[in-house]
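What follows is a single structure, written as structure tokens, with notes after it.
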2 protein chains.
Amino acid sequence: MGTIKRSKQREAIKTFLYSRHDHPTAEVVYNNVIKDFPKISLGTVYRNLSFLVDQGEAITVPCEDGSVHFDGRITPHYHFQCTKCGRIHDIDLDDPVYESEVISAPQKKLEDGSVITGHVTFFYGLCGECTGN
Amino acid sequence: MGTIKRSKQREAIKTFLYSRHDHPTAEVVYNNVIKDFPKISLGTVYRNLSFLVDQGEAITVPCEDGSVHFDGRITPHYHFQCTKCGRIHDIDLDDPVYESEVISAPQKKLEDGSVITGHVTFFYGLCGECTGN
DNA sequence: ATACAAAATAGGAATAGATATCATTATTAT
DNA sequence: ATAATAATGATATCTATTCCTATTTTGTAT
């Protein structure tokens, strides 16, 4: 009961996600995996992306604009969305921005008894390409 | 051209939003305003909430779970969502959590030329009522 | 190898949240 | 009071995601 079986589709989805560092959406994953699996359905992509997240093999990146992106990099790191092109970029742990702007949040108790157990910080701005040229 | 005309519905929406500090969703606003305006449509509620946001008279609170809440409090402050009951609470500026965990983000340049212009921090945990009892 | 049970898929329908359209109504300047 | 036009209500549409069911694939036991 509850034994997980592998599937070519799931492996292709995982391989694709891990090969990219640009935080694709479910639809982008679908548009790429379909090249090797012409009959794959969008439902399968969603099901497997959720599966990977449940297994701790991927994370979701919910953005300010409401779109949901997926990330195969599961070690803690921050994200940054370009307000011009919409792409999501990583902010490395050793980047000065990370260290100076945000401090990891330990548990903290508010006056009313609320307990803060974590936080999500999402940066925005303009990426190199959109400021650059 | 482009002159704004007032409407009873818009005023009711604004009044309702300002009367509450629990960050209602568009649907919650609709379910309440409809008591005074039985024929109001959901589209009108969405249209006017967006209008208030555009006018700087309200802000949106996009949550990690994808839901969008509205807030009539426009002075800078942080939010905190209870992972158990889902309610959104304010974190006051003078609360220790605010001061110790997050530092306001000035413009910052990364190695690749990206410029960080802002950030959003969203806290989560358990609210007083959900830890309390 | 073969058969069986469970898990996973494909395809499509269903849902939810949000937007857009458009004829009608309400508000405001004159 | 009238004309111009902004705003509404009702409905249609859109997008992202989930759900359903018959079929296929996979792992295991024989």
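Both backbone and side-chain heavy atoms feed into the values below; hydrogens, waters and symmetry mates do not. Chain letters run A, B, ... following the sequence lines, proteins first, then strands; residues in each count from 1.
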Let me know the distance between [atom1] of [X] and [atom2] of [N], rounded to the nearest Å.
X: A/Lys5; N: C/dA7; atom1: NZ; atom2: C1'; result: 5 Å
X: A/Ile13; N: C/dA8; atom1: CD1; atom2: P; result: 12 Å
X: A/Arg10; N: D/dT26; atom1: CZ; atom2: P; result: 11 Å
X: A/Asp36; N: C/dA10; atom1: CG; atom2: C1'; result: 17 Å
X: B/Ile4; N: D/dT5; atom1: CD1; atom2: C1'; result: 13 Å
X: A/Glu11; N: C/dA8; atom1: CD; atom2: P; result: 12 Å
X: B/Asn48; N: C/dA26; atom1: CG; atom2: P; result: 16 Å
X: A/Phe37; N: D/dT25; atom1: CZ; atom2: C1'; result: 12 Å

Between [X] and [N], does any side-chain N or O lie under 4.0 Å from OP1 or OP2?
X: B/Arg6; N: C/dT28; answer: yes
X: A/Thr44; N: C/dA10; answer: yes
X: B/Gln9; N: D/dG9; answer: yes

Ion pair A/Asp90/A/Arg73, N-O distance below 4.0 Å: yes
Taking 4.0 angstrom as the limit, do A/Arg87 and A/Glu129 come out as a salt bridge?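 Yes, this pair counts.
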State, to 0.1 Å, how close A/Cys63 and A/Phe122 come at their nearest heavy-atom pair, and which atoms those are.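 The pair with the smallest heavy-atom distance is SG-CZ, 3.8 Å.
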Taking all non-hydrogen atoms of both residues, which atom of A/Val68 and which atom of A/Thr25 are closest, and how far apart?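 Closest approach of A/Val68 to A/Thr25, heavy atoms only: O-CG2, 3.6 Å.
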Shared hydrophobic cluster for [X] and [Y] (ILVMFWY, side-chain gaps under 4.5 Å):
X: B/Leu126; Y: B/Phe123; value: no
X: A/Tyr18; Y: A/Ile59; value: no
X: B/Tyr78; Y: A/Val120; value: no

5'-most by nearest nucleotide on DNA chain C - A/Phe51 or A/Pro38: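 On the 5' side of the pair lies A/Phe51.
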Let's test your reading of the model: under 3.5 Å, does the base of C/dA10 pair with the side chain of A/Lys39 as donor and acceptor?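 It does not, because no donor-acceptor pair links the side chain of A/Lys39 to the base of C/dA10 below 3.5 Å.
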Nucleotide by nucleotide, nucleotides 14-24 of chain C touches protein heavy atoms under 4.0 Å in the pattern (B base, S sugar-phosphate only, - none) ---SSB-----
How would you label the contact of A/Ser7 with the nucleic acid (heavy atoms, under 4.0 Å): base, sugar-phosphate, or nothing?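 The residue A/Ser7 makes sugar-phosphate contact but no base contact.
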